Amino acid sequence: MNRKTALITGATSGIGMDTARLLADNGWRLVIAGRRSERLKNLAVELADKCPVLSLPFDVRQAEEVNRALQQLSGDWQNIDALINNAGLAAGLAPVDSADMSDWDAMIDTNIKGALYMLRHIAGRMKQRRQGHIINIASIAGREAYPNGAVYCATKHAIYAISKAMRIELLPFNVKVTTISPGAVETEFSLVRFKGDKQKADNVYRGFTPLSGRDVAETILFVLTRPAHVTIDDLLVMPVAQASARDFYRTDEI
Ligand code: NDP
Ligand code: 8X3
């Protein structure tokens, strides 16, 4: 079987993990990445009878770690056909004048710089091969801004801009670039944002059906499986009960 290879960052949870599962079911070969190596190991074991899987634990914030990890790829594992540039987080929900500055660093270092370190490495190789597909996971927060989310929104606006610029840079090299911007997805995202406060996290998804990681994974698979001459450039995917970053129809508020 001639399998294509996808590298998925943030595969230890949520959208990334569900994407790994779905691509494994659909004939892909996987490089799965994240910091929590135990989770990567477990996922690799789970998927082992479906497809070849390589676990690559590293922190996307550390440029050297990213390089070291990607340089470990040997032979045709270096030929990444699809990068799902998904690792990211929101840390805190607070106004600019009182937010924790270490939260800003975490978001900027992960969501912007980490995504860029991945792109720098993988896009170069795709250019040489004159093939490949980059999918950057942005957010509704990359299209709109909301109070107390200035820096998270800024990081996702940055992803949007980086995607747009790279789409043009890579035009002559036959490399596809797609931005996928989900609305509310129930994953570990809100638990991370609220630093383990489950009540606050659950409240985000109260009274409506959010997207699941699987919903976004299915969108990713759709984007990846278009014919060679088609690029889905930019895609916003929302729960039926969400119409903007701040407009939700919650049944408990009717
Ligand atoms: P999860 O918290 O469930 O998953 C986040 C993933 O990112 C984890 O696998 C985590 O792995 C990885 N990650 C975080 N920091 C780092 C790091 N420094 N180095 C390597 N990996 C890292 O959230 P989601 O699945 O929801 O989030 C995935 C992406 O989707 C994010 O970019 C998020 O901003 C975006 N998004 C999420 C939405 C939502 O409502 N959930 C909506 C729109 C966009 P580990 O901790 O093991 O390193
Ligand atoms: C995650 C969605 O609205 O919490 O990107 O920012 S939101």
Side-chain angles (χ1 to χ4, degrees), residues 7-21 32-43 55-63 65-66 69-70 84-93 103 105-118 135-160 162-163 179-196 200-201 203-205 208-217 219-220 235-239 242-248:
L7 192 166
I8 304 169
T9 66
T12 56
S13 171
I15 294 169
M17 185 180 268
D18 282 334
T19 302
R21 289 185 171 131
I32 51 174
R35 287 167 302 180
R36 287 169 287 183
S37 50
E38 201 55 37
R39 286 200 185 193
L40 287 180
K41 246 185 256 165
N42 292 341
L43 183 62
S55 301
L56 224 47
F58 62 87
D59 185 335
V60 293
R61 293 172 300 180
Q62 309 297 333
E65 256 188 58
V66 173
L70 295 180
I84 317 301
N85 210 11
N86 163 74
L89 82 164
L93 191 66
D103 285 346
D105 290 338
M107 291 186 278
I108 291 167
D109 291 351
T110 309
N111 300 359
I112 306 180
K113 292 168 76 182
L116 279 169
Y117 298 151
M118 293 303 301
I135 298 185
N136 290 317
I137 304 299
S139 169
I140 181 69
R143 302 283 192 89
E144 299 171 30
Y146 52 83
N148 304 328
V151 173
Y152 180 69
C153 293
T155 65
K156 291 301 180 176
H157 276 69
I159 287 299
Y160 197 71
I162 291 163
S163 259
T179 317
I180 296 181
S181 300
V185 193
E186 190 165 14
T187 58
E188 292 178 10
F189 176 85
S190 292
L191 208 55
V192 171
R193 167 170 253 172
F194 296 116
K195 318 215 162 132
K200 276 191 184 168
N203 194 44
V204 172
Y205 311 108
F208 74 102
T209 307
L211 298 175
S212 62
R214 171 81 185 199
D215 293 324
V216 181
T219 307
I220 290 171
L235 208 153
L236 181 61
V237 51
M238 305 277 274
Q242 182 182 10
S244 79
R246 300 171 73 184
D247 290 298
F248 292 86

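Ligands are counted one by one from 1 in listed order, and the atoms in each one are counted from 1 as well. In what follows, every heavy atom counts, from backbone to side chain, and hydrogens, waters and symmetry copies are set aside. Just so it is clear, the structure is predicted and the values come from calculations on it, not from any experiment.
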Original post:
Does Gln242 reach the main-chain N or O of Ala184 with its side chain, forming a donor-acceptor pair under 3.5 Å?
Top reply: yes

Original post:
Can an N or O of Leu89 be found at a distance shorter than 3.5 Å from an N or O of ligand 1?
Top reply: no

**OP:** Decide whether a cation-pi geometry holds between Arg193 and Tyr152; the criteria are a distance under 6.0 Å from NZ or CZ to the six-membered ring centre and an angle within 45° of the ring axis.
**Re:** yes

**OP:** Indicate yes or no for a side-chain donor-acceptor contact from Asp18 to the backbone of Val216 under 3.5 Å, with no hydrogens or angles considered.
**Re:** no

Original post:
Can you find an N/O atom of Glu188 closer than 3.5 Å to an N/O atom of ligand 1?
Top reply: yes

**OP:** With sequence neighbours excluded, tell me which residues meet side chain to side chain donor-acceptor pair (under 3.5 Å) with Ser212.
**Re:** Asp215

Original post:
Would you call Asp103-Lys195 a salt bridge at under 4.0 Å N-O?
Top reply: yes

**OP:** Could you check atom 13 (N) of ligand 1 against the protein and tell me its nearest heavy-atom contact, residue, atom and distance included?
**Re:** Ala87 CB, 3.9 Å

**OP:** Starting at CG of Asn148, measure out to CG of Leu93 and round the result to the nearest 0.5 Å.
**Re:** 5.0 Å

**OP:** Could you tell me which atoms of ligand 1, counted from 1 in the order shown, lie closer than 4.0 angstrom to a heavy atom of Phe58?
**Re:** 19 (N), 20 (C)

Subject >> Region of Lys156 that comes within reach of ligand 1 [heavy atoms, distance under 4.0 Å] >> reply: side chain

**OP:** Check each of Ile180, Ile84, Val185, Ile8 against Ile15 using the side chain to side chain contact (heavy atoms under 4.5 Å, CB included) test, and report the only one that passes.
**Re:** Val185

Original post:
With backbone taken as N, CA, C and O and side chain as the heavy atoms from C-beta onward, which portion of Tyr152 lies under 4.0 Å from ligand 1: side chain, backbone, both, or neither?
Top reply: side chain

Original post:
In ligand 1, which numbered atoms sit nearer than 4.0 Å to a non-hydrogen atom of Ile137?
Top reply: 30 (O), 35 (C)

Original post:
Counting only heavy atoms, which portion of Asn86 has something under 4.0 Å from ligand 1: side chain, backbone, both, or neither?
Top reply: both

**OP:** Decide whether an N or O pair under 3.5 Å exists between Thr12 and ligand 1.
**Re:** yes

Original post:
Hey, is Ala33 touching ligand 1 through its side chain, its backbone, both or neither, going by heavy atoms under 4.0 Å?
Top reply: neither

Starting from the N and O atoms of ligand 2, find every protein N or O within less than 3.5 Å and list the pair with its distance.
unit_1, atom_1, unit_2, atom_2, d
ligand 2, 5 (O), Ser139, OG, 2.5
ligand 2, 5 (O), Tyr152, OH, 2.6
ligand 2, 6 (O), Tyr146, OH, 2.5

Subject >> Which of the ligand 1 atoms, numbered from 1, are nearer than 4.0 Å to a heavy atom of Gly10 >> reply: 6 (C), 7 (O), 8 (C), 9 (O), 12 (C)

**OP:** Look only at interatomic distance and state if Ala184 has a nitrogen or oxygen under 3.5 Å from any nitrogen or oxygen of ligand 1.
**Re:** no

Original post:
Does anything in residues 183-192 pair up under salt bridge (charged side-chain N to carboxylate O under 4.0 Å, His left out), and if so which pairs, sequence neighbours excluded?
Top reply: Arg36-Glu188, Arg39-Glu188

Original post:
What residues form a salt bridge (charged side-chain N to carboxylate O under 4.0 Å, His left out) with Arg35, not counting sequence neighbours?
Top reply: none

